[in-house]
Structure formats: C-alpha cells, structure tokens
Amino acid sequence: MAVWRVVVLLVLTLAVGVGWGYLWWGREATRLTRELAEARAAAGPREYHAEGVIRAVLPEMNIVVITHDEITGYMPAMTMGFRAVSPKIYETVDVGDAVRFTLRGTPPNLALVAVEKVTSQ
Amino acid sequence: MNELGLVARFVHLAASILTVGSAAFLIIAGHSDRATARRWQAQVQRLMRALVVMALAAGVVALAQQAASLEQRPRAAVEPAALWRVAVETHAGAVWIVRQSLLLLLGGFIFARADVSRRVDWRAARAYGLLLAGAALALLGAAGHAAAVEPGTAAAVAADMFHVLAAGVWAGALPALTLLLASAWSEAGADARPYAVVAARRFSRTAVALMVALAFSGTLVAVSQIGSIPALVGTRYGRLLLLKLALLVPIAGLAALNRRLLPQLSGEAGRVGRPAMRRLGACVAVEAIVAVAILGVVAVMGVTAPARHEQPVWPFTFRLAWESLAYAPESRPFVLVGSQVAVLGVAAAIASRLLRRRARPALLGGGAVLVVAGLAMALPPLATDAYPTTYQRPAVPYQAGSIATGAMTYREHCAACHGAGGAGNGPAAAALSPPPSDLRAHHAALHTAGDLFWWITHGRRQMPAFGERLDVEARWDLVNFIRALAAGDTARELTPLVQPERPLVVAPDFAFAVGPTPPRTLKDYRGRRSVLVVLYTLPASRARLSALAARYDVLVPLGVEIIAVPTDAAPDAIKQLGAEPRVLFPVVTDGAAEIVAAYGLLARAPHAEFLVDRQGYLRAIDTRSRDTDTLVANVEALNRERVVVAPPAEHVH
C-alpha cells in the first residue's frame, strides 16, 4: 500500500477515535447526571440537620427566619424562612437564640420539626 | 534525584524540539533525487530515530522523578503503582500519556522505513512526521506553568504552545541545516549544492518569520508568568529569562552574519560558494550549540516557580517613579525637555535609515548621543530610594484583623514619636531632629508597602530597627495599619453622596460570622453586591436600623447587602436588637472588634455607614444624615457606573 494512503488512514483513525471518545464521554456524563438526580428524587422524605441563629419568629405567617449554616445536601449557608410543623415551636425560641434544628420532608417541601437551643451564647 | 529529573527534562525538551525542527527542515528543504541530498535525508531520519528514542526514555525518567518527588520517597520512582498514580491521577500525567503515545506512534512510523521514493508518499510521510512531532511538542505547553495561570488559562496555554512550536521549528532545524551544509560543502557533495543553497534561503526566510512569532508569543508568556519589572530582575525565574535573552544576543549576531553570507552561496560553485558554505555551516553549528544552551535554561525555568508567585528582591538602591515629581515640582521641566530630546534622538536614528549608506553613521551617532543626553536629563529626577523589599507584597493581607493588631503594636512601639494619629507629633517628637515622619496620606503616596517594611525592619535616620523585636507578621500588620491610617486621611474627601467614577480608598477586607454560621468575608461580595457596612451603637442607632430593616426588601433587589457591626462587639448583638425592628440582614456576632478598630480609622463616630462598591472600594461615608433615600440614590449611581478600575489586589501596594 502506498505510504500516503497509510498516512491518511492513520490520521482518519486518530480523528475518528478522538471524536468518538469525546462524544461517548459527553453521553456518559449526561447519563450519570440524570441517574444521580433520579436516585435523589426517589429517596423520599429525608431529614436535614443544621445550626443557626433565630432572626425572626412570625407565628402569624407560620414562619421562623433562621440565619443558618450549610445544610448538607440541600442548601448553602443563608438567611431563610422555614415553615414549622407545630405552633409549639414558636414558643420555645426567641430572636438571637443560637439553635440546632431539624428539617424533614422531600425537597423543596421541608418543614421544621425540631429546634434545640445551643448554650454557647 | 532532583538533578536527575532536571537532566531528564532537559534531554526530553531538547530531543522533542530537535525532532520537530528536523521534521520541519526536511519539508522546508523539500524532496530531491540527488544522491547527496538523499543521503542527507537518510542521515536526518537516523537522527530523528535517535531523538525520538531519547525523548521517550527521558520522558520515562522524568515521570519517575515526578513520582518520587510527589510521594516524597525515592523508591516511588521504580514502583509501577506509584508511576501509574502519577500518570493517571494528575493533569501533568494525563498530558504525559498523550505526549508519549504520540512520540511512540512517531517512533513506529519512522522506524518502519517505508519506501517514499514517490513524491506524494514523501510528502505524506514528512507531513505526518511533523504533525506527530509538533503535536507532542506543543502539548508540553499544556502541562507547564501556563496550565496554572488563572484566569485566562486557555490563552496562556495557547501562547505557550505557539512559542514552543515556533522554537522547535527554528532551533530544532539548526543541526539538520548544519548537516546539509556539511555534506554539500565536501568535494563529493557538489551535486547537492544548489539544493543546499535553496534550503538555506528558504530557512532564512522562515527563520525571520519565526523570530517575530517567538518574540510575540514570548512576550505574552513573560507577561503572564512574570508580569512586572521587579519580578523580572528580582526573582530567580525572571533572572533566568534575562539569561535566556542574553544568550539570544550572540544568536542574533550570528543570524545577521549568516544573512550576509547567503548571497555569496550562489556564487559559482567550487570557488566562491564552497568557502561561504563552510563558514555558514560553522556559524549555524555555533548557533545550534547556543540554542541548546538556551534549552538548558528553559529546562531550569520549567522547574522554577514562576516569578508571579515569588517575592521579588529589588537589586538596585533606587527606582524610577512618576510620584517623585509631586515632591519636586522644580524638576518637571528637566523631565519634559529630557524626554523630548531622547525622542528626537530616536527619531534621528530611525531617519538615518533613509540616508545614503555613507551618511548613516553620523546621524545614527548623533541620535544615540541625543538619546543618552535626554535620558541623563530626564531620569535622575524620577529616581527615588529603593530597598530589597520595595516591591514585596505584604505577607499579611490588608484585613481588619491585621490592621487592629497593627494598631496595638503601633501604640506600644511607635506612637511615642509618630503620635497617636500618625502626624509625627508624639510626646517624644520634640526632642528629635529631624522630626519623626508624618505617616498620613500626603506623605505615604511615594512609598510602597515594601519600603515601610524595610524601614520598620532596619530603622531609618533616628528610628531604631524593629527587625529583632517584632516578627515578620507583626511588621506587616504595622504596615497595614499605617496604610489604613493613610486611607483614613484620604477618606476625609468622601461624602455621604457617591462621587461617580472616583474610587479613591480601598475598603479593608474583614472576616465576620453571624451566630454559628461559617465565617464570611467582605471580599466574598466582590463582583456581586455593593455592601453597606453599618457601625452602630445602641440605643442611639435603633431608629436608623429600623429604617434600614424596613427598606431591606427594596435594597436587596438593588444589589446591596447590609452588614451591621455593633461598636461594643457584643456576642449577643442579635438578642440585644430584639424582635423589633425585624432585622434580617447580617448582624456581626464574631469579628466586630477588628472591624470597629479598622473602620474607626476611616471615620470616627458612634454610628457610621460605609458604602463599598462591587469592586471593593469605599465610595461614601455617612455619619450624620442617615437617609435611606440617599442610600438608594447612591446604590443606583453605583449600579449605573461602568467598571472604571480593576478590583484592588488582596494586598496594599
């Protein structure tokens, strides 16, 4: 076989190989991302724990506003209002309390189920 | 082990470059059926085979050395598992795998000794050889210092790849050219002489273009890896570059000589052509040797930390700074006239090219005299004292914590002479002549942070040296405090209203936490939000905090965050504020003391509001009016602004 044909064949093989690998990896990555999202969604109700400080207690709106730490697997640190499952929770906390709290539910429908004061302050 | 690694890198680099140059020069010279030319081509092919083997072997040694240095034990160099980890799990390893594969492919291709007597086969084979060798070489740029540049990684890697490829085609071709001239110069090589002359001419033209490309891409690489004159003359990496440039001088001289020899080559073969060819061959051989020396310097640069990450040590006792003129207005005319004289000299030198050859030296000489005289007149007034640390970046960032620590050190060691406010009027100042320096803004502009560090460390005039008494960090804290003092002086120009497009003062960064949340910094908001830092004192500030809390839902969509800092630094600040007003913006419960200490230097009041723009500059200070409508107008003014200056560096300069 003529050398130039060998060269063309080699270049084509290389190009096709790299292109195919690139496309395959792209499809594979999309599939893995989708499977991960599906697995997360199928997990059902979950519990999340985090620490924070109470910023406002609003029983009339059924909300407690908490400046909280990162809630692992759900949201980064921020100031955020949470719905409480029971009105009793409003009676146990005051603005400025440092707390450890528990959220339960399937994201994004989460509710505050327990709040416990931290005595560091 | 490190020396072995360096040698391996050098051999690998040199072999890769010579492979590319040989492959490229075969194409530049072109196909020929003359016996001597074909013998030379076979010779270059043999050279390439040896080079590819060397590059592959040196590549393996370099990987082994990398494994040993990453795992910090020499035995890792011979353990397959360790080598596998380096090759598969690191970025440089992935690039290594691709490059070695390309070199293996190239090796297989050129060891196959295919029959390329037909022109089309010859072209395909040579082009493929150059493609593989070039790809393998260019990928070096993807694993070197350029890959660590951020932001702009892609541009830096592209510039590096281009540079190394151009260097490969130019420097790598020199040995092949030498071999060609040597075989054509001999008595028996007469049949290849026209071929050699044409090849040398083509190479000369290519080399000029390559030199321009090398200078251009080299400048780009230098800017991204070095970036400043102090880094060029004051770091190991920068000095290696200077050495590399110095080695280029003899090469440029030889190249100029070679271009003069080129026309003589085409003289009648035998008498005129041969001696010229012999001399050209010798010159090119010397050039090749110097080029290999440059590659040695490049190999050392590859294992040296880029200048950007190093603290430069300024080697001169002076530096040139425009700011000097502000302190010596009487020397402005000298600088103006001198610079114009120098420009005239440059113009004369350029104009001399237009004259006839015989008249040139006079005008050129005159131009040179004018340049020297002009610079001698213009530069001395710009000179100001400089020290080894002049261009060092503070080891401690310009942060409230550092400023607060520096303030304490200052009170203890410096205030007696320099005065509590830095005006040079402390209780002990009266006994001193000359009086202690005024440390406030209008005196500090000319001095870099590194200058201050040097004076604190080694003393100045009657000031004692503190290098023994204060550790490095404490001295940088002092520098940061003095900078904040100067910033406080400049900050007096700030009003409650934002002055459009006039960022004057850098807002000191600070770290803070709200309750048990992880610490954040002011800098986290950079590029995203303006920040209103509110230093408040209860109960007087309660009404103002209520007003801010009531408008918070309007302010957030405008892109402003409010950070409230209690001046008493109470850890239960949120509790003290209570349920009303309903304050939902961050109230600092940890870090307030440092913020109050640092921002107190910028404005002293029980309640002070500092508006920091998205770039991190302090744009308005309000201690009295405290009007939310003004705040909204200010934020809207900031939102309308184009970005006029780059965000300040993490450190003062």
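Below, read A as the first sequence line, B as the second, and so on, with proteins coming before strands; counting in each chain starts at 1.
Per-residue heavy-atom pair counts under 4.5 Å with chain B were compared for Val57(A), Val99(A), Leu58(A), and the maximum is reached by Leu58(A). In terms of heavy-atom pairs under 4.5 Å with chain A, the best-connected choice from Val120(B), Val514(B), Leu584(B), Asp115(B) is Leu584(B).
Pairing each heavy atom of Ala114(B) with each of Val3(A), the nearest pair is CB-CG2, 3.5 Å. Shown here for Asp69(A) and Pro518(B), the closest heavy-atom pair between the two residues is OD1-CD, 3.0 Å. Contact detail for Ala2(A) and Asp121(B): the closest heavy-atom pair is CB-OD1, 3.7 Å.
Atom CZ of Arg31(A) sits in a crowded spot, with more than 12 heavy atoms from other residues, nucleotides or ligands closer than 6.0 Å. A 6.0 Å sphere centred on CZ of Arg123(B) holds no more than 12 heavy atoms belonging to other residues, nucleotides or ligands. Atom CE of Met78(A) sits in a crowded spot, with more than 12 heavy atoms from other residues, nucleotides or ligands closer than 6.0 Å.
Both the backbone and the side chain of Leu10(A) come within less than 4.5 Å of a heavy atom of chain B. Using a 4.5 Å cut-off between heavy atoms, Thr67(A) touches chain B through backbone and side chain atoms alike.
Side-chain contact between Val7(A) and Phe109(B) is present, with heavy atoms from C-beta onward closer than 4.5 Å.
The closest donor-acceptor contact from the side chain of Arg55(A) to the backbone of Phe585(B) lies under 3.5 Å.
Scored by the ring pair (Phe, Tyr, Trp, His ring centres under 6.0 Å) test, Tyr74(A) finds Tyr48(A) as partners (sequence neighbours excluded).
Between Thr517(B) atom OG1 and Glu70(A) atom CD the span is 12.0 Å, to the nearest 0.5 Å.
Between Asp97(A) and Lys575(B), at least one side-chain nitrogen of the basic residue sits less than 4.0 Å from a carboxylate oxygen of the acidic one, meeting the salt-bridge criterion.
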